[in-house]
Amino acid sequence: MDLALLRTFVTVHRAGSFTRAAALLGLSQPAVTSQIRTLERQVGRPLFLRQARGVTPTTIGDELAHKAAPHLDALVEIAESGLEEDSSLRTLHLAGPPEFTAERALPALTELTGEDGQGFALRASFGTADEVLEGLAAGHHDLAISTVRPRGALLSATALCDEEHVLVAAPGWAERIGVATLRRDGPAALERVPVVEVHESLPFVARYWAAVFDSRPVCPGTVIVPDLRAVLACAAAGAGLAVLPRYLCGGALECGEVVALYEPAVPPLRTYFLAVRTGTLAMPHIARAHEWLERAAADWC
């Protein structure tokens with residue numbers, strides 16, 4: 001069986017779409033379709049069910065993917081290691097959300113990049129949960145940190161840690177709103193306060209309002225910046241209220257740059273997952289990084 005056909009097949013299986021697989025492989029969609037049809041003729045059974053949006057693997061397709069994918073990943077790993085000048089220094093490709101990866105994961109993993117004969121080179125990229133999981137499935141990353149648990153058997157995930165979300169604002173806003181007023185009136189006291197967020201849909205504020213106040217926010221989004229560190233800087237400068245992970249705003253809370261506007265009995269939490277392609281934890285450098293992050297995460301919660 002042609003390995004090129006298997007590589008295309010596994011990429012389609014992971015991507016769930018001929019179009020996305022073609023983009024990942026650098027091929028045209030007709031070329032991908034032709035290769036899958038050739039493989040289906042060799043197997044003698046259909047491997048995918050074509051749908052309006054993407055494809056779904058058949059039972060035979062799932063079985064073939066589970067058997068072939070780990071071996072193809074191992075071959076790619078061997079090929080990549082053979083291209084490195086120093087074969088003892090492996091490269092770990094990590095992907096995750098920019099703030100958490102920069103503030104938590106990368107500082108922990110840099111301890112493993114030394115020249116003690118057991119270290120590895122480290123390459124990181126940032127993206128949304130969907131982007132990093134899609135890249136992981138396609139073989140672009142070795143580890144992915146995501147706030148979404150991946151589905152299916154080709155990716156496996158471990159709960160890494162929970163982050164607590166805090167409603168914060170600059171001290172001046174806290175004085176204008178009044179803690180007593182907020183406790184009495186709840187979200188109604190915040191309707192005229194501008195919001196600093198990462199997206200127009202107000203994902204952090206909306207999640208907090210739903211969990212704490214059982215309502216939807218009606219406050220306007222005044223500053224939208226696609227990075228939580230910038231959200232914190234704008235909130236501290238007085239741009240408005242924000243909902244931020246405690247790990248990110250803890251220092252600003254301690255020094256008084258921002259204050260917590262509300263302390264619910266049960267604060268909203270969000271879980272981070274550490275995901276890998278099934279079977280790749282057999283590779284020592286991936287297994288070591290995975291274990292190291294799990295240990296480090298015990299101190300992050």
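These numbers come from a predicted model, not from an experiment.
- Partner of Leu228 under the side-chain contact (heavy atoms from CB on, under 4.5 Å) criterion, chosen from Val196, Leu248, Val243: Leu248.
- Cluster membership for Leu155 and Leu293, using ILVMFWY side-chain heavy atoms within less than 4.5 angstrom, is not shared.
- Judged purely by atom type and a 3.5 angstrom limit, Glu197 uses its side chain to pair as donor or acceptor with the backbone of Phe204.
- The hydrophobic cluster containing Phe273 does not contain Leu109, counting ILVMFWY residues as joined when their side-chain heavy atoms lie under 4.5 angstrom apart, directly or transitively.
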Please tabulate, for the side chains in residues 44-54, all donor-acceptor contacts under 3.5 angstrom to protein atoms that are two or more places apart in sequence or on a different chain.
from  : atom 1 : to    : atom 2 : distance (Å)
Arg50 : NH1    : Glu40 : OE2    : 3.2
Arg50 : NH1    : Phe48 : O      : 3.1
Gln51 : OE1    : Thr56 : OG1    : 3.0
Gln51 : NE2    : Thr56 : OG1    : 3.2

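- With Phe100 as the aromatic partner, Arg104 does not meet the cation-pi criteria of under 6.0 angstrom to the ring centre and within 45 degrees of the ring axis.
- Looking at heavy atoms from C-beta onward, Gln42 lies in side-chain contact with Leu5 at the 4.5 angstrom threshold.
- Here Thr110 contributes atom OG1 and Leu106 contributes atom CG; the two are 7.5 Å apart, rounded to the nearest 0.5 Å.
- Between the Thr280 side chain and the Val276 main chain, no donor and acceptor come within less than 3.5 Å of each other.
- Under 4.0 Å is where a charged nitrogen must lie from a carboxylate oxygen, and between Glu291 and Arg295 at least one such pair does.
- Here the closest non-hydrogen pair linking Ala235 and Ala242 is CB-CB, 4.1 Å.
- To the nearest 0.5 angstrom, Leu136 atom CG is 8.0 Å from Leu143 atom CG.
- With 3.5 Å as the limit, one finds no donor-acceptor pair spanning the side chains of Thr11 and Arg14.
- The main-chain N or O of His285 is never found under 3.5 Å from a side-chain atom of Arg90 such that the two would form a donor-acceptor pair.
- Two residues are said to be in side-chain contact when any heavy atoms from C-beta on lie closer than 4.5 Å; Asp162 and Arg270 fail this criterion.
- Tracing side-chain contacts under 4.5 Å through hydrophobic residues (I, L, V, M, F, W, Y), one reaches Val258 starting from Val198; they form part of the same cluster.
- When atom types are taken as modelled, the side chain of Asp142 and the backbone of Ile286 share no donor-acceptor pair closer than 3.5 angstrom.
- Side-chain contact between Thr91 and Arg123 is present, with at least one heavy-atom pair separated by less than 4.5 Å.
- A salt bridge does not link Arg229 with Glu99: every distance from a Lys NZ or Arg NE/NH1/NH2 to an Asp or Glu carboxylate oxygen is 4.0 Å or more.
- With hydrophobic clusters built from ILVMFWY side chains whose heavy atoms lie under 4.5 angstrom apart, Leu253 shares a cluster with Val212.
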For Val225 and Val223, what are the C-alpha separation, side-chain angles and deciding distance, and is it a side-chain contact (heavy atoms from CB on, under 4.5 Å)?
CA-CA 6 Å; Val225 285; Val223 179; 4.1 Å; yes
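- Put simply, Leu281 and Leu133 are part of two different groups of oily side chains (I, L, V, M, F, W, Y) that touch within less than 4.5 Å, one to the next.
- For the atom pair CD1 (Ile36) and CZ (Arg41), the distance works out to 11.5 Å, reported to the nearest 0.5 Å.
- Between the side chain of Thr8 and the main chain of Ala4, a donor-acceptor pair closer than 3.5 Å is present.
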Please determine whether side-chain contact (heavy atoms from CB on, under 4.5 Å) holds for the pair Leu39 and Leu64, giving the CA-CA distance in whole Å, both sets of side-chain angles, and the decisive distance to 0.1 Å.
CA-CA 11 Å; Leu39 186 60; Leu64 180 59; 4.3 Å; yes
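- Across all non-hydrogen atoms, the minimal contact from Pro70 to Ala65 is CD-O, 4.2 Å.
- Residues Phe213 and Tyr262 place their aromatic rings such that the two centres sit under 6.0 Å apart.
- Heavy atoms only, all atoms of each residue included: Pro107 and Glu103 are closest at CG-O, 3.6 Å.
- Ala129 and Ser146 make their closest contact through CB-OG, 3.4 Å (heavy atoms, listed as atom of the first residue, atom of the second, distance).
- For the pair Trp173/Leu241, no side-chain contact is recorded, criterion being any heavy-atom separation below 4.5 Å from C-beta on.
- How far NE2 of His165 is from SG of Cys249: 9.5 Å, rounded to the nearest 0.5 Å.
- Counting heavy-atom neighbours within 6.0 Å of Arg192 CZ, excluding the residue itself, gives a total of 12 or less.
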Derivation and outcome, side-chain contact (heavy atoms from CB on, under 4.5 Å), residues His93 and His140
CA-CA 7 Å; His93 296 270; His140 298 318; over 6 Å; no
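- Within the 4.5 Å cutoff, side-chain heavy atoms of Leu190 are placed close to those of Trp209.
- Rounding to the nearest 0.5 Å gives a distance of 8.0 Å between NE2 of His290 and CG of Leu160.
- Atoms CD and CZ, on Gln35 and Phe9 in that order, are 13.0 Å from each other to the nearest 0.5 Å.
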Audit row: Val55, Val12, side-chain contact (heavy atoms from CB on, under 4.5 Å) steps and yes/no
CA-CA 8 Å; Val55 293; Val12 172; 3.9 Å; yes
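- At a cut-off of 3.5 Å, with distance as the only test, a side-chain donor of Glu163 or Tyr272 sits close to an acceptor on the other residue.
- Thr101 contributes a side-chain N or O that, together with a main-chain N or O of Pro97, makes up a donor-acceptor pair within less than 3.5 Å.
- Between Val168 and Leu261 the shortest side-chain heavy-atom distance does not fall below 4.5 Å.
- The side-chain hydrogen bond (donor to acceptor under 3.5 Å, both in side chains) test applied to His141 returns no partner, not counting sequence neighbours.
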